[in-house]
Amino acid sequence: MLTTIFYKPYFSTTFFNSKNLGLLMKNQEVADLLREIAEYLEITDVPFKPRAYQRAALVIETLAEPIEDIWKAGKLEDIPSVGEGIAKKIAEYLEKGKSAYLKKLKKELPIDADALLSVGGLGPKKVKILYKTLNIKNIEDLKKAAEQKKIRNIEGFGEKTENTILEGITFLQKTENRISLGFALPLAESLKDQLLASKRVHTAEIAGSLRRSKETIGDIDLLAASDNPKRAVEAFLTIAAPKALLGKGEKKCSVILTSGMQVDLRIVKREEFGAALQYFTGSKSHNIALRNKAIKKGYKLNEYGLFKRNKRIAGGTEDSIYKKLGMAFIPPEMRENLGEIQLAEKGSIPPLVKLKDIKGDFHTHTIYSDGRASIEEMIKKAESLGYSFIGISDHFGHLRIANAMDEQRIKKQWKEINAVQKKHPKIKIVKGAEVNINKDGSLDIPPAVLRSLDYAIISVHTNFKMGKQEMTKRICDAMEHENILVLGHPTGGMIGERKPYEVDFDEVVLAAKQHNIALEINSQSKRMDLASPLAKAAIEQGCRVSINTDAHYPDSLEFMRFGVGIARRAWAGKADIINAKELKQKS
DNA sequence: GCCGTTTTCGGCCCGACTGTTTTCAGTCG
């Protein structure tokens, strides 16, 4: 057995507190409830309350702690933007699973507010008028009225609005899903590069949730600086060749690409670029907090700059804005209003892991299982990325669909690895395997083979639908085995395809920490698993993380940057990432 | 309904674009 150790085993003698991280499902439910309340209040024209509910929803959605725990601890009102009134409604919902307040609102306004408001071009005011004049309560009513050309006759509405509504309804049925960062980023980069090449802009940058490296995004936000915005917009339209034009003006333009992706382009002047980039990177919550800081200092912050009275005092760069507000620069990935502003004010933004810190990749496949390239092709690519090591982790066991290896084939593979290693002495090739966790928590590999590996990645590929307790026990039992380095794609979700399995994530984190096993951030476009809120929670608990690509092709090794983005959203430093350090030989 | 190096009361992010107006309300991000 080649004894390579990857990081110093540590074992805390103090018992660490168990915080039930769960999968934060309830947080989303509560956020949805508050948002729905806000919608009804908005339509009934209640002043200021809607925004209060929306703010609270936004905060709860991004909490890394289960709302049930906060409630049980009697600390709901400690959550920013949650006061007495909203705390009571949350408590009632968590206790009874429903809200009397929402029920009352729905009784007073018996319409499907959520659905109607999700139609593009329809806001609270129009929904209310449609209900009052045509008794439109849901999408079916709306569609019928539009098709019968009844809407155009309402005062304040017209033919165009009616058509927009009809288009909005069809669009609604088609686009439910958010797109993975892995698919959206290359597309956005290509648009940006072409825009730059057109020479119609001085500079261009990707903004929005994409720049914040969010695992999934709703649309692409592009920002460009130009002295001739009109020509820049024209150039963009030629490049994007959109299927639909949602809006076009002097300074901005919104389109739907043939892929169904929405792209928003905004053009600003050169001296405004930093302020605009800051503004359009968001998040909304971060920006509102930042703007309030500006107001308190007697400034005004908008997408054109930071102003004292009417004089611009910053705005050319993002850095200049944060500086003038008395803060350290905040990396885009951290801008979620989760405490980063307070850290920046103290000047203690932690150094986040960078792509260039990554020394190797532990999760890769070759033609020995379901990969599409030879060992040497993968090694060459890894070398070109400047890696000092690469782990080959083809499937082992009985996983037919992945062409998993048996004992004979893995021995053949080791021979080939040894030969390739000789040809490529600069990069260390480590012999791993990805092993399926059986339904009962055993591993689909003989103990002797497991021991002879340099390391194993264990992961769930079968029997996704089992009870939470059963799944938790299955995974935790599997982690008891020796020679395991990584728990692969720990929640099993596939973006747009499959929900994560049910598991008590806190227990998984505890077991991983206890057995010195790293949790994976799998950078495959479809996986992005762990996602950043869970990765952040795991790291806060002292768990290590391994950022891997699960590459099945040489070029897929470049997915690493998506995983690094997620890790940065999780506030991970170099020390939290096991493959951001060199391999160490044991004795 | 929330919040406070202006405040326990009186504020609440703000600018672009669209469509329907004929100077602006509504929507969006």
Side-chain angles (χ1 to χ4, degrees), chain A residues 34 37-43 45-60 76-90 101 105 116-130 151-165 167-168 207-210 217-223 229 233 245-255 262-268 272 275-276 278-307 326 337 345:
Chain A
L34 297 179
I37 291 175
E39 285 168 345
Y40 283 95
L41 292 173
E42 223 172 4
I43 296 168
D45 229 2
V46 180
F48 303 110
K49 284 190 192 183
R51 211 174 309 146
Y53 278 91
Q54 278 162 1
R55 269 201 313 262
L58 203 62
V59 171
I60 287 162
L76 284 175
E77 288 186 48
D78 288 0
I79 302 172
S81 301
V82 175
E84 200 186 334
I86 291 181
K88 268 189 192 160
K89 273 136 203 151
I90 297 173
Y101 186 53
L105 290 171
L116 290 172
L117 288 174
S118 60
V119 176
L122 279 193
K125 299 279 158 28
K126 286 201 169 117
V127 166
K128 188 179 184 180
I129 295 169
L130 287 169
I151 290 176
R152 62 180 66 182
N153 300 323
I154 305 171
E155 198 189 329
F157 290 63
E159 208 177 322
K160 279 195 175 170
T161 308
E162 194 174 76
N163 288 331
T164 312
I165 288 172
E167 276 170 31
S209 47
L210 211 41
I217 60 133
D219 57 19
I220 292 173
D221 289 305
L222 286 178
L223 179 71
V233 168
L245 186 60
L246 297 177
K248 191 180 96 158
E250 284 277 311
K251 297 177 172 180
K252 65 193 257 191
C253 151
S254 275
V255 302
Q262 182 175 331
V263 185
D264 296 336
L265 171 74
R266 181 72 178 249
I267 315 279
V268 297
E272 300 161 347
Q278 194 291 315
Y279 181 85
F280 290 106
T281 297
S283 64
K284 197 170 179 177
S285 177
H286 174 91
N287 282 358
I288 290 173
L290 210 63
R291 194 169 292 203
N292 285 327
K293 291 279 175 198
I295 292 169
K296 292 209 182 84
K297 286 190 183 296
Y299 303 150
K300 186 176 86 166
L301 178 63
N302 59 26
E303 59 261 56
Y304 300 115
L306 183 66
F307 298 89
N337 198 23
E345 282 178 323

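Quick caveat, the model's predicted, so the values are computed rather than measured. Labels below follow one simple rule: chain letters A, B, ... track the order of the sequence lines, proteins then strands, and each chain is numbered from 1.
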Taking only side-chain N and O atoms of A:N302, does any of them lie within less than 4.0 angstrom of OP1 or OP2 on B:dG15?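 True: A:N302 side-chain N/O within range (under 4.0 Å) of B:dG15 OP1/OP2.
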Interatomic distance where CZ belongs to A:R152 and P belongs to B:dT20 [whole Å]: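 Between P of B:dT20 and CZ of A:R152: 10 Å.
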Short side-chain N/O contact to B:dG15 OP1/OP2 from A:K300, under 4.0 Å: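 Yes, A:K300 has a side-chain N/O under 4.0 Å of OP1/OP2 on B:dG15.
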Among B:dT18, B:dG1, B:dT27, the one nearest A:K248 by side-chain distance: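 Output: B:dT18.
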Please tell me which of the listed nucleotides, B:dG15, B:dC2, B:dC13, lies nearest to the side chain of A:I295?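 From the listed options, B:dC13 comes nearest.
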For B:dA16, which nucleotide is its Watson-Crick or G-U wobble mate, given both distances must be under 3.5 Å?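 Per the H-bond distance test, B:dT27.
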If you check the A:E303 side chain, which of B:dG1, B:dT27, B:dG15 turns out closest?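 Shortest atom-to-atom distance from the side chain points to B:dG15.
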Considering heavy-atom distances to DNA chain B, does A:G247 or A:Y101 have its closest nucleotide positioned more toward the 5' end?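 First, find each residue's nearest nucleotide; the 5'-ward one identifies A:Y101.
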Which whole-number value in Å describes the distance from A:Q54 CD to B:dC12 P?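 Computing the A:Q54:CD to B:dC12:P distance gives 17 Å.
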Criterion side chain to side chain contact (heavy atoms under 4.5 Å, CB included) on A:L223 and A:Y279, from CA distance to verdict: CA-CA 10 Å; A:L223 179 71; A:Y279 181 85; over 6 Å; no
Do A:F157 and the base of B:dT20 stack face to face, with centres under 5.5 Å apart and an angle between planes under 30°?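 No, A:F157 does not stack on the base of B:dT20.
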Considering only the P atoms, how many Å lie between B:dC17 and B:dT22, rounded to the nearest integer?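 The answer is 23 Å between these two P atoms.
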Donor-acceptor pair between A:Y53 and A:K89 side chains, under 3.5 angstrom: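 There is such a pair between these side chains.
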Residue met sooner reading DNA chain B from 5', once A:K297 and A:V82 are mapped to nucleotides: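 It is A:V82 whose nearest nucleotide is closer to the 5' end.
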Can you confirm whether A:Q278 sits close enough to A:L290 that some side-chain heavy atom of one is under 4.5 Å from a side-chain heavy atom of the other?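 Side chain of A:Q278 against side chain of A:L290, heavy atoms only: contact under 4.5 Å found.
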Counting side-chain heavy atoms from CB outward, which of B:dT20, B:dG1, B:dT27 is closest to A:T161?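 When the side chain of A:T161 is considered, B:dT20 is the closest of B:dT20, B:dG1, B:dT27.
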When you get a sec, tell me which of B:dG1, B:dG19, B:dC13 is the closest nucleotide to the side chain of A:K160?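 For A:K160, the side-chain atoms sit closest to B:dG19.
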Does a side-chain N or O of A:K126 approach OP1 or OP2 of B:dG26 to a distance below 4.0 Å, or not?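 No, because none of the side-chain N or O atoms of A:K126 sits under 4.0 Å from OP1 or OP2 of B:dG26.
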Ignoring hydrogens and angles, does a donor from either the side chain of A:Y279 or the base of B:dG15 sit under 3.5 Å from an acceptor on the other?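 In this structure, the two groups form no donor-acceptor pair.
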Taking B:dG26 as the reference, what is the distance to B:dT21 when you measure between their P atoms (whole Å, please)?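 To the nearest whole Å, 13 Å.
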In whole Å, what is the span from the NZ atom of A:K49 to the C1' atom of B:dC12?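 Atom-to-atom, A:K49 to B:dC12, this comes out as 15 Å.
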Starting at CD of A:E77 and ending at P of B:dG4, how long is that distance when rounded to a whole Å?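 The answer, rounded to whole Å, is 13 Å.
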Supply the atom-to-atom distance A:S254 OG to A:D219 CG, rounded to the nearest 0.5 angstrom.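 Here the rounded value is 7.5 Å.
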Measure from CD on A:E167 to P on B:dT27 and round the result to the nearest Å.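 Atom-to-atom, A:E167 to B:dT27, this comes out as 17 Å.
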What's the closest nucleotide to the A:K125 side chain, out of B:dA16, B:dC13, B:dT27?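 Of all the options, the side chain of A:K125 is nearest to B:dT27.
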Between B:dG1, B:dC17, B:dG29, which nucleotide has the shortest distance from any of its atoms to the side chain of A:R55?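 Nearest to the side chain of A:R55 among the choices is B:dG1.
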B:dG26 C1' sits how many Å from A:I154 CD1, rounded?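 That distance rounds to 15 Å.
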Just wondering, do A:K284 and A:N337 contact through their side chains at under 4.5 Å, heavy atoms?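 No, side chains not in contact.
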Between B:dC12 (P) and A:K296 (NZ): distance, integer Å: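 Checked: the NZ to P distance equals 12 Å.
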Which whole-number value in Å describes the distance from A:I60 CD1 to B:dC2 P?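 It is 11 Å, rounded to the nearest whole Å.
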Under 4.0 Å, heavy atoms only, any strand: does A:P80 hit a base, just the sugar-phosphate, or nothing?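 The answer is sugar-phosphate, as A:P80 gets under 4.0 Å only of primed atoms, P, OP1 or OP2.
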Of the nucleotides B:dG1, B:dT27, B:dA16, which one has an atom closest to the side chain of A:K89?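 My answer, after comparing the listed nucleotides, is B:dG1.
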Would you mind classifying the nucleic acid contact of A:P50 as base, sugar-phosphate or nothing, using non-hydrogen atoms under 4.0 angstrom?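 No contact.
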When you measure from the side chain of A:E162 to the backbone N and O of A:R152, does any donor-acceptor pair fall under 3.5 Å?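 Checking the backbone N and O of A:R152 against the side chain of A:E162, a donor-acceptor pair under 3.5 Å is found.
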What verdict does the side chain to side chain contact (heavy atoms under 4.5 Å, CB included) test give for A:I60 and A:I90, after you've listed the backbone C-alpha separation in whole Å, the side-chain angles of each residue and the deciding distance to 0.1 Å? CA-CA 11 Å; A:I60 287 162; A:I90 297 173; 3.6 Å; yes
Phosphate oxygens OP1/OP2 of B:dA16: is one of them under 4.0 Å from a side-chain N or O of A:Y304?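 Checking B:dA16 against A:Y304, a side-chain N or O does come within under 4.0 Å of OP1 or OP2.
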Closest to the A:K284 side chain, choosing from B:dG1, B:dA16, B:dG29: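 Looking only at side-chain atoms, A:K284 lies closest to B:dG29.
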